[in-house]
Peer 1: 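Have a look at this one before I ask anything.
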Amino acid sequence: SDLLDVPADLGYLALFASTEADGRWLWSTAGTSASTVRLRRLRGVRLSGFSVIDDSAYFADDGDLWLSDGTERGTRLVKPAIYPTLLRRPAVLDGTLYFPAFGLARTDGTADGTYVLTESTTWLGSVPEIVTAGRRVFFTGTVDGLDLELWQTDGTRAGTGPVLDINPGSGPLGVPNSSSPHHLTALANRLLFFADDGVHGQEPWITDGSAEGTHLLRDIRAGAEGSLAWGSRDRWTLSLGPLALFVADSSGAGFE
């Protein structure tokens, strides 16, 4: 058999999917042969990963959203045809999971509580960063599929939208400028992230979710080049309670 994705750790059980001679199956195990059981046959060709909340895992099968606690009885369909992309570092607020699905979507484990918050955010084939900080969920999204900026939501459609157009205006051919925020990291009730405002290059910014509470933290490397190389997309930012550690290049001599 071949694993379809990284197994999900449910604490007392592990959840995994594999390809067998008779099809693709979802399994659970407690680490022994006797405890390793098939839960259900999967219809889809591939799995989009697991998102674990409170010892249960969301997973997608052929565009449908499912939830499993590792038992056959506790494995159930949440919502059909929502086409989720699930993340191993899930963004959760008040027990609700936030995930990409042709826009940012949310689920509380019920069909009525599972829906897309905004369909105006597209990611051009890439997977967005989605992070919970304080009472908000922050994510990277685009306006009209072009301008990549920082967005936030309080869990409602009315409370979902861009935080600030950090890099306003347009470039050649009238294409809107993008600040391309990334390395989103919760820092207490605020969010630390890197962005390019068109003047300082890729530098650290801080936000509380409001436009007036969003600002450049420091121009570490003076000038338009920025302290973070554009190709450095690894998550080099680490939150340690009220502090954060990150990697930057202040002089062009290397990362520290």
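Remember, predicted model here, so these are calculated numbers, not experimental data.
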Peer 1: Between N177 and D147, is there a side-chain heavy-atom distance shorter than 4.5 Å?
Peer 2: no

Peer 1: Should E203 and L216 count as side-chain neighbours, where that means a heavy-atom distance under 4.5 Å?
Peer 2: yes

Peer 1: Output yes when R43 and D64 qualify as a salt bridge under the 4.0 Å nitrogen-oxygen rule, no when they do not.
Peer 2: yes

Peer 1: Roughly how far, to the nearest 0.5 Å, is the OG atom of S180 from the CG atom of N167?
Peer 2: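 Going from the CG atom of N167 to the OG atom of S180 covers 8.0 Å.
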
Peer 1: Are R218 and W205 in a cation-pi setup, meaning NZ or CZ lies under 6.0 angstrom from the ring centre and within 45 degrees of the ring axis?
Peer 2: no

Peer 1: Is it the case that one hydrophobic cluster holds both V92 and L65, taking links as side-chain heavy atoms less than 4.5 Å apart, direct or via other members?
Peer 2: yes

Peer 1: Side chains of S33 and T36: is there a donor and an acceptor less than 3.5 Å apart?
Peer 2: no

Peer 1: With hydrophobic residues grouped by side-chain heavy-atom distances under 4.5 Å, do V6 and L26 end up in a single group?
Peer 2: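 No, it is not one cluster - the side chains of V6 and L26 are not joined through contacts under 4.5 Å.
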
Peer 1: Under 3.5 Å, side chain of S68 to main-chain N/O of T75, donor-acceptor pair present?
Peer 2: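 Pair absent, no side-chain N/O of S68 close to backbone of T75.
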
Peer 1: In Å, rounded to the nearest 0.5 Å, how long is the span from CZ of F102 to CD1 of I82?
Peer 2: 10.5 Å

Peer 1: Listed by chain and number, what are the side chain to side chain donor-acceptor pair (under 3.5 Å) partners of W25, not counting sequence neighbours?
Peer 2: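 Residues passing side chain to side chain donor-acceptor pair (under 3.5 Å) with W25: D22.
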
Peer 1: Without hydrogens or angle criteria, can the side chains of S18 and W27 be said to hold a donor-acceptor pair below 3.5 Å?
Peer 2: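 Note: S18 and W27 side chains meet the donor-acceptor criterion.
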
Peer 1: Report yes if some heavy atom in the side chain of L15 is under 4.5 Å from a heavy atom in the side chain of L39; otherwise report no.
Peer 2: yes

Peer 1: I'd like to know if the side chain of S178 reaches the main chain of L148, judged simply by a donor and an acceptor atom lying under 3.5 Å from each other, with no hydrogens or angles considered.
Peer 2: yes

Peer 1: What residue among T96, I53, L97 forms side chain to side chain contact (heavy atoms under 4.5 Å, CB included) with D108?
Peer 2: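 Of T96, I53, L97, side chain to side chain contact (heavy atoms under 4.5 Å, CB included) with D108 is met by T96 alone.
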
Peer 1: Salt bridge check, D208 against R136: does any charged N sit closer than 4.0 Å to a carboxylate O?
Peer 2: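 No, no charged N to carboxylate O under 4.0 Å.
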
Peer 1: Taking ring pair (Phe, Tyr, Trp, His ring centres under 6.0 Å) as the definition, give me every residue that meets it alongside F194, ordered by chain and number, with sequence neighbours left out.
Peer 2: H183, F246

Peer 1: Under 3.5 Å, side chain of S51 to main-chain N/O of L87, donor-acceptor pair present?
Peer 2: yes

Peer 1: Find the distance between CD (E20) and CZ (R41) and round it off to the nearest 0.5 Å.
Peer 2: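 Here the interatomic distance stands at 10.5 Å.
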
Peer 1: Is there a path of hydrophobic side-chain contacts, each under 4.5 Å between heavy atoms of I, L, V, M, F, W or Y residues, that connects V116 with Y98?
Peer 2: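 No; tracing contacts between hydrophobic side chains, which count when under 4.5 Å, never links both residues.
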
Peer 1: Give a yes-or-no answer on whether the side chains of S56 and D54 include a donor-acceptor pair shorter than 3.5 Å.
Peer 2: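 No - no donor-acceptor pair under 3.5 Å links their side chains.
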
Peer 1: For the residue pair L150 and P181, what are the closest heavy atoms and their distance?
Peer 2: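 Heavy atoms only, the tightest pair is N-CG, 3.6 Å.
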
Peer 1: Using the rule that two of Ile, Leu, Val, Met, Phe, Trp, Tyr join whenever any of their side-chain heavy atoms come within less than 4.5 Å, decide whether I166 and V199 are in one cluster.
Peer 2: no

Peer 1: Does the pair D112 and K79 meet the rule for a salt bridge (Lys or Arg N to Asp or Glu O under 4.0 Å), with working shown?
Peer 2: CA-CA 9 Å; D112 289 342; K79 184 116 178 186; 6.0 Å; no

Peer 1: Quick test of your reading of the model: are D69 and R76 salt-bridged, counting only N-O distances below 4.0 Å?
Peer 2: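 Salt bridge between D69 and R76, a charged N being under 4.0 Å from a carboxylate O: no.
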
Peer 1: So V131 and T185, do their side chains get closer than 4.5 Å, heavy atoms only?
Peer 2: no

Peer 1: So do T85 and F99 actually touch side chain to side chain, heavy atoms under 4.5 Å?
Peer 2: no

Peer 1: Kindly write out the residues that satisfy side chain to side chain donor-acceptor pair (under 3.5 Å) with E225, not counting sequence neighbours, or none if the list is empty.
Peer 2: R221

Peer 1: Which heavy atom of L86 sits nearest a heavy atom of Y58, and at what distance?
Peer 2: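 In terms of heavy atoms, the two residues are closest at CD1-O, 3.3 Å.
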
Peer 1: Between E129 and T140, is there a side-chain donor-acceptor contact under 3.5 Å, judged purely by atom types and distance?
Peer 2: no

